[in-house]
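Notes for the one structure printed next.
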Amino acid sequence: MSELVPVAPVPPSDHGAFGVHGSGDTSGFGGLVRTGGPLLATERPLPDAFEQLYSTVERVFPQLGEAVERVVVDRGELTIHVKRQFIRQVCQVLRDDPGLRFEMCSSVGGVDYLADPTGRRLHCVYHLQSMTHRRRVRLEVSVPVEDPHIPSVVSVYPTADYQERETWDMFGIIFDNHPALTRILMPDDWEGHPQRKDYPLGGVPVEYKGAQIPPPEERRRYG
Amino acid sequence: MSDNAYGGLGPAGFTDSTEGPIYTVTGGDWEDVLGALGAEERITLNMGPQHPSTHGVLRMVLELEGETVKRVRPVVGYLHTGIEKNCEYRTWVQGTTFVTRMDYLSPLFNETAYCLAVEKLLGITEQVPERATVIRVIMMELCRISSHCVAFATNALEVGALSMMLYGFRERELVLDIFELVTGLRMNHAYVRPGGVAQDLPPGAIGEIVEFCEIMPKRLQEYEDLLLGNPIWQKRNQGVGYLDAAGCIALGVTGPMMRATGLPWDVRKIEPYCGYETYDFDIPTSLDSDCWGRFGVRLDEVRESVKIIQQAVDRLEPGPVMVADKKIAWPSQLALGADGMGNSLDHIRTIMGTSMEALIHHFKLVTEGFKVPPGQVYVPVESPRGELGYHVISAGGTHPYRVHVRDPSFINIGSIPALCEGGLVADVIAAVASVDPVMGGCDR
């Protein structure tokens with residue numbers, strides 16, 4: 001059984017709303033800065049059936065060594081970190097090869113690792129399900145916030161349409177060649193991407209009976 | 001070409017401009033107008049977001065040619081409340097009070113899936129007491145019945161069978177009474193907690209559940225007698241909203257919609273959780289792939305849920321309902337007071353008066369919460385609408401780093417164009433009803 005080993009330094013720890021270090025913020029509003037954990041990787045051979053799955057992918061997709069950054073097996077789940085230019089090809093191979101047959105894309109979602117040691121803080125996470133072989137795999141792509149482009153996988157998994165729109169809406173990841181990448185949960189004219197870690201919770205001024213109520217952090221404080 | 005002032009034929013004419021032809025309609029018969037323009041009669045119709053037949057605040061933009069639907073574009077987001085973001089600012093235990101509000105017809109599935117994910121991150125899945133797991137199964141299956149009752153009720157209401165609406169809500173009320181007895185609330189329970197459940201079943205709950213399991217199959221028979229032989233019901237549902245297995249897989253559609261295509265796909269059987277592999281139940285399917293098939297699958301699923309509940313009740317053994325680890329389990333002890341459920345005064349007296357350490361521990365655990373080792377997990381459960389997946393990430397702190405929910409309503413709404421385009425406008429209502437979307441879950 002191989003162990004998880006760190007491949008990059010541990011990012012600094014978090015601090016709470018009132019400047020409290022190393023403690024959880026229970027205030028509920030803004031200010032809570034959280035960072036991700038260290039970058040981990042699992043060394044080959046991977047534990048259990050994952051080695052067999054991964055070597056199958058390697059066999060049918062010879063560029064895999066170039067396409068994959070690292071592989072993590074944690075809590076019985078396999079995560080393959082894929083470079084963004086290969087994500088569509090990897091999905092195509094995983095879907096179509098008879099030995100893999102990941103027919104269904106269960107979920108696509110974003111994560112903002114604000115302090116990602118590689119500088120690529122926006123991650124897009126794909127959960128694929130093989131209905132034939134009854135197993136799951138997670139693909140993860142990371143991009144820098146200045147250049148948040150990832151090829152769309154809608155042509156491989158039509159179900160990714162809405163979920164990529166949600167990821168664009170919430171994180172500002174641009175899915176190239178998506179058929180209609182528009183906001184889906186927030187209003188069309190909304191500014192910003194609310195689930196980014198630097199977007200505050202409740203940080204929006206509210207109009208009430210003609211008066212502008214400032215966001216909670218900017219209201220008058222007592223004591 | 002032109003025989004009027006606007007340079008066109010008959011009542012409709014056009015003048016050329018640098019931005020293309022400008023059409024002018026001066027009156028006359030609509031057919032002649034369209035004929036003269038060589039145009040198709042295509043109407044864009046907005047439906048919702050406040051429409052009695054769209055299950056809450058779903059909006060659809062329909063393009064119609066006569067009665068035929070040429071294009072449908074669902075518009076969602078009207079119920080977006082930022083629950084996923086809010087979870088990042090609360091402790092792991094508080095998360096359960098947020099996620100229960102997502103899909104408000106299946107709150108216990110949200111809670112259980114979230115708690116299973118937190119337990120997997122903590123590595124305590126094996127330590128959750130057997131009694132807590134069995135209670136979770138009972139509550140989830142009751143919840144599936146109540147959710148399907150609403151599906152029957154609204155589905156029938158939308159195609160005009162008003163009495164079924166009353167019966168569906170009548171049976172749902174029976175389940176909600178049990179929920180109120182067990183959890184204290186009819187909805188938004190926050191009953192399932194990381195490590196177990198909030199409290200044990202109260203006296204009398206088992207009796208109520210057993211009684212309900214005897215009533216429900218009879219009521220299902222009534223539903224079938226009322227609807228299935230009705231020619232109007234048949235014509236509104238049979239062959240309407242067709243989507244086959246390949247379409248479901250491509251669009252990610254799961255749950256009763258997928259099982260109505262003949263594919264017995266159910267997370268309870270495929271990747272069992274909460275000990276579902278030890279219960280004896282079947283996966284109902286249908287080969288119809290239409291609204292009729294989906295309704296039938298839901299009816300049969302209620303029967304299977306009753307079977308599961310009866311088996312689970314027989315398995316209930318006395319024991320704890322929360323993990324033994326005092327660093328995770330809240331020390332609070334609830335008691336029934338004159339003004340309702342609350343903290344046990346005896347317990348408060350003990351910790352306040354005799355043990356400073358116990359008080360500090362209690363305070364820290366409730367306000368700050370416990371820490372969860374870093375990592376990410378994806379936990380799917382079979383909700384009444386399909387695969388409900390929780391992708392939960394911890395950065396090692398007392399709050400979730402990210403909670404992403406793969407809500408089946410959100411995904412299944414994506415199949416509405418495939419169900420409706422090319423059909424009749426009246427069938428849009430039946431098709432959307434058969435999807436059974438819950439907008440609270442869809443928009444989160």
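The analysis underlying the following values was restricted to heavy atoms, covering all of them including side chains, and did not include hydrogens, waters or symmetry mates. A, B, ... follow the sequence lines: proteins, then strands. Residue 1 opens every chain.
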Rounded at 0.5 Å granularity, tell me how far OG in A:S107 sits from CG in B:L388.
10.5 Å
How about NZ on A:K83, more than 12 heavy atoms from neighbouring residues, nucleotides or ligands closer than 6.0 Å, or not?
yes
Rounded to the nearest 0.5 angstrom, the CG-CD distance for A:D112 and B:E88 is 9.0 Å
The interface call for A:R165 against chain B, heavy-atom contacts under 4.5 Å, is neither
So does A:N177 have more than 12 non-hydrogen atoms from other groups sitting under 6.0 Å from CG?
no
Is it the case that more than 12 heavy atoms not belonging to B:E277 sit under 6.0 Å from its CD atom?
yes
Sequence neighbours left out, what passes ring-ring contact (aromatic ring centres under 6.0 Å, His included) with A:F171? Give chain and number order.
none
Residue A:M170 versus chain B: region with a heavy atom under 4.5 Å:
side chain
Part of B:T125 lying under 4.5 Å from any heavy atom of chain A
neither
Among B:H80, B:R402, B:R406, residue most engaged with chain A (heavy-atom pairs, under 4.5 Å):
B:R402
Smallest heavy-atom separation, B:A250 atom then A:P158 atom, equals O-CD, 3.4 Å
side-chain contact (heavy atoms from CB on, under 4.5 Å) between A:Q129 and B:E271: does it pass, once the steps are laid out?
CA-CA 11 Å; A:Q129 156 104 62; B:E271 293 171 73; 3.6 Å; yes
Provide the closest heavy-atom pair for B:Y378 versus A:R138 in the form atom of the first, atom of the second, distance.
N-NH2, 3.4 Å
To the closest 0.5 Å, what do you measure between CZ (A:R135) and CD1 (B:I270)?
14.5 Å
Checking heavy atoms, do the side chain of A:R134, its backbone, both or neither come under 4.5 Å from chain B?
side chain
Looking at every non-hydrogen atom in both residues, tell me the closest pair between B:K85 and A:P194 and how far apart they are.
NZ-O, 2.9 Å
Which of B:L251, B:L263, B:I413, B:V253 touches chain A most, by non-hydrogen pairs under 4.5 Å:
B:L251
Residue-level interface, residues 182-189 of chain A with chain B, non-hydrogen cut-off under 4.5 Å:
A:I184, A:L185, A:M186
With chain A as the partner, which of B:Q376, B:K120, B:E84 has the greatest number of non-hydrogen pairs under 4.5 Å?
B:Q376
Heavy-atom distance under 4.5 Å to chain B: side chain of A:V125, backbone, both or neither?
side chain
Using 0.5 Å steps for rounding, measure from the CD atom of A:Q163 to the NE2 atom of B:H404.
6.5 Å
Toward chain A, the part of B:I249 with a non-hydrogen atom under 4.5 Å
both
Would A:K197 and B:Y401 count as a cation-pi pair here, with the cationic atom under 6.0 angstrom from the ring centre and within 45° of the axis?
yes
Give me the atom names and distance for the closest heavy-atom approach of B:P380 to A:R136.
CG-NH2, 3.5 Å
If you tally heavy-atom pairs under 4.5 Å between each of A:M104, A:E166, A:Q195, A:R75 and chain B, the highest tally belongs to A:R75
